[in-house]
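Heavy-atom basis, side chains included; hydrogens, waters and symmetry copies ignored. The chain is numbered in sequence order, starting from 1. Every number for a ligand or one of its atoms is a count from 1 in the order of the listing.
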Amino acid sequence: MSSFLLLFSLLSSVVLADVVNLHWNITWVTAAPDGFARPVIGINGQWPCPELRAKLGDQVIVTIDNQLGNQSTGLHWHGIHQTGTSYMDGASGVSQCPVAPGQQFTYNWTADAAGTYWYHSHDMGQYPDGLWGPLIIEDPNPPFEYDEEIILTLSDWYHEQSADLISAYQSPSGEALDGVAPPSGGALMNSGKNITIHVKPNKTYFIRVICPASYPGHAWLFQDHNQTTVEVDGTYVQPKEANGNGLLTRIAPGQRQGVLIKTFNDTSKNYAIWDTMDVNMLFINKGIIPPPMNYNTNVTGWLVYNESAPLPDPPVFYSLGNANFFDDLDYVPLDEEPLLEPVDHQIVLDTNSVNISGISRFEINNYTYLPAKVPSFYSAITTGNYSSDPEVYGHVNPIVVKKGEIIEIVINNLNTNLHPWHMHGHQFQVLDRPDPMFGKFNGTFRTGYPHAAPVRRDTFMLQDQSWGVIRFKADNPGVWLLHCHIEAHTSSGFVATIIEAPEELAQTNFRIPQDHIDACKTYPMKYFGNAAGNIAPTNLTGANVDVPSYDYGAMYPPGTPPPFKR
Ligand code: C2O
């Protein structure tokens, strides 16, 4: 492209872009999605939280106003790369300070990649309380045709508040469960039970399936309908068809999948949408003790063609052991981006659960993530020449990578459970991920892997006692978490921090927005220096070296809001 044409196309995209400007009050509201009323976290007095929709190229500006009274908060835009805006990524203690009650905080980022995403709290293990919603970046020219769009969320739901669950889990009684988080009260579909979705005959629907679950993965099926996958985690893929009987499609916490279904001509019948949580993930004591036999892992909804016709009974799945799955390694990105090579820097992560002073934690290469006293991004921009020294970041499992490198990360899962790994700031190629019990990666891929154009996504499910290999190009300077998306595991230290091109971050004349500094001052948390908040970069005196306290104090309500406890 000539530079004139390039300039012209840049200008035309600037002209077409809009600003999506939102003001969100974050408050406790009461909801009963499964019939049990409890306090949940809503936005502008509503729960479920609203869908956020922007067009490709739009500027998204969301001001949050924390009116929770008793908890801090923050929002992460899951799957959005935040190119050049790592400090808008929303990870508390990493890219910003937690936003204390009474504070406002503005996120401002560019919707630079079309696709299906979601947003959620990334503070205090809070999103299972309901603080999440779909985030859709519309493509003016999608590579497939459809008539209408439907959003389908598959999640789990606890009757207890997250802060209570985490403080119990991070206590000696939680350790008895061998790192297994407590099972939830059950599954939800579109934040409800027995939901109906009205469809018209002879139409193509683009269904954006989102899994904002906090613990097990899910698997779903549209009864009798063929479904064609066209997108995974914001990557368009070559259409892959699964027929509507017997072949379940798996989705891990954090993942999204865009599928097309064509409705029938005949409107005399209705059809079930079956969803089940992966019961294999709920076994405790090294995978030996199953959840109670009467534990219901299923939730059902219906595609309704005809209001007066009956809603067919759903099947009951207990074990996914004999179900068939389409392997997500076999999706091919539509752009056929070739396997990234050669590798400049290989990182091997051995991961497992561990007991630290009676508390159930997770570790990566023998270290559990301990929060820094300064958000890691702020350390990267305030430690000058030392910003590429992992030591300055403390116990956040820092992985420093250089600009432009091709990074390969091997994750060895020595644990007896499955874990969904998510990386901020990037989509990665998934090279290989064998079945359970494959042990550690020995340098050899399975026959046929990696594919020439591996699937690219931001979250992938790692099998129990097995390994996975991913690659990405370090082309997005910033500080990005790489973590297990089971929320209880994130809180128990199953987190690494990619410090990407820190020398570049430290050299720009970047200034932290004033409201971001105010959030730190109010919380309070330091916003410069190393992980201990010290100016001398290698003086870590005072840094966190112990597992933090998860006693967040009284829950909300009853009565007047309990005091805010950090
Ligand atoms: Cu969807 Cu680090 O999160």
(request) With atom 1 (Cu) of ligand 1 as the reference point, give the N/O/S atom of His78 that is nearest. (result) ND1
(request) Kindly determine whether Ile41 and Trp28 satisfy side-chain contact (heavy atoms from CB on, under 4.5 Å), including the steps that lead there. (result) CA-CA 5 Å; Ile41 302 178; Trp28 290 103; 3.5 Å; yes
(message) For the aromatic rings, using the six-membered ring if either is Trp, is the centroid distance between His120 and His485 under 6.0 Å?
(response) yes
(request) Give a yes/no answer: is there an N/O/S atom of His422 under 2.8 Å from atom 2 (Cu) of ligand 1? (result) no
(request) Verify the ring-centre separation between Tyr215 and Tyr158: is it less than 6.0 angstrom? (result) no
(message) Check whether Trp157 forms a cation-pi arrangement with Arg38 (NZ or CZ under 6.0 Å from the six-membered ring centre, at most 45° off the ring normal).
(response) yes
(message) Suppose you place the vertex at atom 1 (Cu) of ligand 1; what is the angle out to His485 NE2 and His120 NE2, to 10°?
(response) 110°
(request) Using 2.8 Å as a strict upper limit, say whether an N, O or S atom of His76 approaches atom 2 (Cu) of ligand 1 that closely. (result) no
